[in-house]
Enquirer: 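Quick one: structure below, then a few questions.
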Amino acid sequence: MTQLVYGTLGYDAAHMLGGLMLLLSFTLLSQRRMTALIDIYALQATCLALAAFWQGHVQSAPALYLTGAIAFAAKAVLIPAALRRLMLRLQLTETMEPALGIFASMALGVGLVVLSIMVVLPVTMQSQALTREDLALALSVVLLGLLMMISRRSAFAQVIGFMSLENGLILAAIGVAGMPLVVELSLAVLILVAFVVFGAFLRRMDRQFHSLDTTNLDRVGGQHR
Amino acid sequence: MSGLTLPVLVTVMAGLLALVPVSAAIGPRLALIGTAILAALGTATILVHLLAGAPPTTLTLPVGLAGQSTILALDGLSALFTLIVLAVAAMAALAACDDAHPWPTAPALPGFAAGMLLCLLASDAFALVAGFELMSVASFVLVATHHTEEGVQSAARLYAGMAALSGLCLIAALALLAPNGASFAAMRTGGVEPWRATLVLALALLGPGAKAGLVPLHVWLPPAHAAAPAPVSALMSAAMTKVALYVLIRLVFDLAGSGNPLWWGLPLIALGIAGAVLGALRANMEMDIKTILACSTVENIGLITLGLGLALAARGADLAPLARLAAGAALLHSLAHAGFKSLLFLGAGAVLHQAGSRALAKLGGLAKAMPITVACLLLAAASLAGLPPSAGFAGEWLLFQSVIGAVRLGGIGLQVMACVVAAMLALATALAASAALRLAGVALLGRPRSAAAAAATDPGPALRWAMLLPALAVTLIGLAPGLVLALAQPALAVMLRTAPDDTLSILALQAGDHAQLYAPLLIAALLAAFLVLITQLLRRHAVQGARGGPLWDCGYGDPPAWQPFGDPAAQYGGASFAQPLRRVLGPLLLDLRETIHTPPPGDISVARLHTAISDPAQRLVFTPLGQWREAISRLADRLHFLTVRQILTMMGALLALLLAYIAAMEQL
């Protein structure tokens, strides 16, 4: 395994791919159009696949190539295609109003990135540089995905937020040398299963309410109140 | 010889523990016989130990938590309370042997006794907590024995809740004391900061205090004691409450430091006297003999706690003689109460078994039917009432002397307090006397109020001996209180950190030098002389032969043929006996509500008076606590009805807060 230090190609490329994912997370947070959300998500998954390939190359770990291939096939191709089909079938409107203003959610997102950097960097003082930066980026992506789930009313956007959160988890997993393959594989399977559940849920919700606004679900608890 | 005591006691404890699974497999009767034998062996050992004045010993057992040994110790204080526990356990188990088919949870009885013994012998925090919890769990099982009967389940639940609370408080108190190590020796040498010690005092009153039945957490005690089988009630009331008091003494007097401010005694004094008055008053109102006895336990625990509080205050004020007097009163009354209360509960068990009821309204007329039981019960009731020269009087006399001496404690405020306490103490003892009179008069004397009461006979030999032996002990305590006080001297030395006083007279009690003297033997001799004199005079001058019946008999004439026991309603009953006191003190203390139902004019049905009382602790402490719990659970319940986004937001915010906390911690 090559030593990764600041200024070498190995470090820079990994850092760039992680940074790209974070940037795409911010774009997800600010985007209102649904087709664009799917596209950005596919792009983020592609970056993740590239990052996995690159890590596989740098760490000389062939298992990571498999991870990258799965990530690309499942998240960059299959899931976006399925999401588009779902969108067409449900005849969703093109734009969705977020519950939280775009500016507010961007500001909160910046705050979360600062927070994750402040948490991760001092904790991992002892480990090598790449892992530290990568972990900070991955935690930021996770927190931004969570923020997206919070800031959107539409179940569709919340699903995409969840998928993007999971991208952050995989990014953290591939950045750490020696993470067993089985963990990454099971994460990939989990996300596919979750997608199937979400798809069924979205359809059901659309049939019931003719909308994907989750405020419709509040009434379910209302009968006990 | 003295070195052998602790190993023998440990063997007894191990034997009791081993009895639990063995008797659960073979049969509950084995548990009772085994407990009786082992506890009797232990009683003899500890009695020899105490009489010989053996020095304190320590024993380290190589078993315990991982990597730790268990430290056991026997000093004057634990030896005295061990005597109480083992003697009562032996008598309770012997009494239960009378029944060929004992109750099914009897295998928990040796576990209960072993838990109490471990609690007393423990000299490190872990052993103490283990013993305390074993005691709680085993006694819970025993309380829940008749769980199919009405009210038993709620009593057992309440008891379990209180036991859990007191266990938690005990653990917290010990954790506060143990920065230097969990053994008692480390706690004593380590020293405790004042705030820690004060917190320990509060936790000791809340935890072991609740277990002992101290107000305002005594509410569990009457229902639990009434629900348990009689020998278990005897063990709980006479021994377990004493173990809890022992833990309280150990924590407050011993482990929380040798010095304390004077005010430490005040909460104990206040709670003690409040419990004494309230318990005695409730004992006058209850209609179930075991509940009456349980309420009287609350009263007696209050008296003992009052003595402890006075001793603590006097120790803080450096008044060694007063501290010695008050602590001696508390220990003497502990022993006396253990004796007469176990006797009363065992007698109540015999009455329940033979007459088929615990309700005052169904008893009466037992004096001729079961003379031995009634004689023992009357002896114990005399102690309950505090009549000289009974065992109960000696401790109360010392207590009165120390309350009177408490005016020396400090300024006008404390003097006024001492006067108020003295007045309330007088009220409490008078109420206790009235309760004892009501119990004896209504339940034992008069005419039977039910057919079962009329057909009662004395119980079998095991139960008979289990009453006669404590009766003997109680008589001994009453006639030679000085002897008991002499046995308590090592315990006083532990509590007050002073040298034992060996100038005691065995036959009389004296409240300090040149102070009042109480010589029970003299009083007993005088009473006996008067009795003989009166008998002789009556025999000589009374009219011989048969005489005609009285003209006016207050409804007590010969019963008609169709009612062989007389009309029960014509007798003075438990409820009517209580009515004057209920009217006087009920509105003030018991939230009395009386409603009169009069039939409409022309209706010839009887008018009825309904009275309802409630314990002030129930009203002022438990009901608000229950309401708070409701409010909190309603608040928590709202979490179930949050919207999807609200739940996500809460999770996200919590995660962000956690991360921010970690980041902030790293910056420091």
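The sequence lines fix the lettering, A, B, ..., with proteins before strands; numbering per chain opens at 1.
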Enquirer: Enumerate by number any residue of residues 165-177 of chain B whose heavy atoms lie under 4.5 Å from heavy atoms of chain A; in the absence of such residues, state 'none'.
Expert: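 Listed by number, there are no contacting residues, so the answer is none.
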
Enquirer: Measure the CG-CG distance between L139(A) and L655(B) for me, rounded to the nearest 0.5 Å.
Expert: 7.5 Å

Enquirer: Say you draw a straight line from CD1 of I150(A) to CG of L648(B); how long is it, rounded to the nearest 0.5 Å?
Expert: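 The CG atom of L648(B) is 6.0 Å from CD1 of I150(A), to the nearest 0.5 Å.
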
Enquirer: Counting only heavy atoms not in R593(B) (residues, nucleotides, ligands), do more than 12 fall under 6.0 Å from its CZ?
Expert: yes

Enquirer: Over all heavy atoms of both residues, which pair between L115(A) and A660(B) is shortest? Give the atoms and the distance, please.
Expert: CD1-CA, 3.5 Å

Enquirer: With D124(B), which residues qualify under side-chain hydrogen bond (donor to acceptor under 3.5 Å, both in side chains), at least two apart?
Expert: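 With neighbours one apart ignored, the set is empty.
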
Enquirer: Indicate the atoms forming the closest heavy-atom contact of L659(B) with V119(A), along with that distance.
Expert: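 So the two residues come closest at O-CG2, 3.1 Å.
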
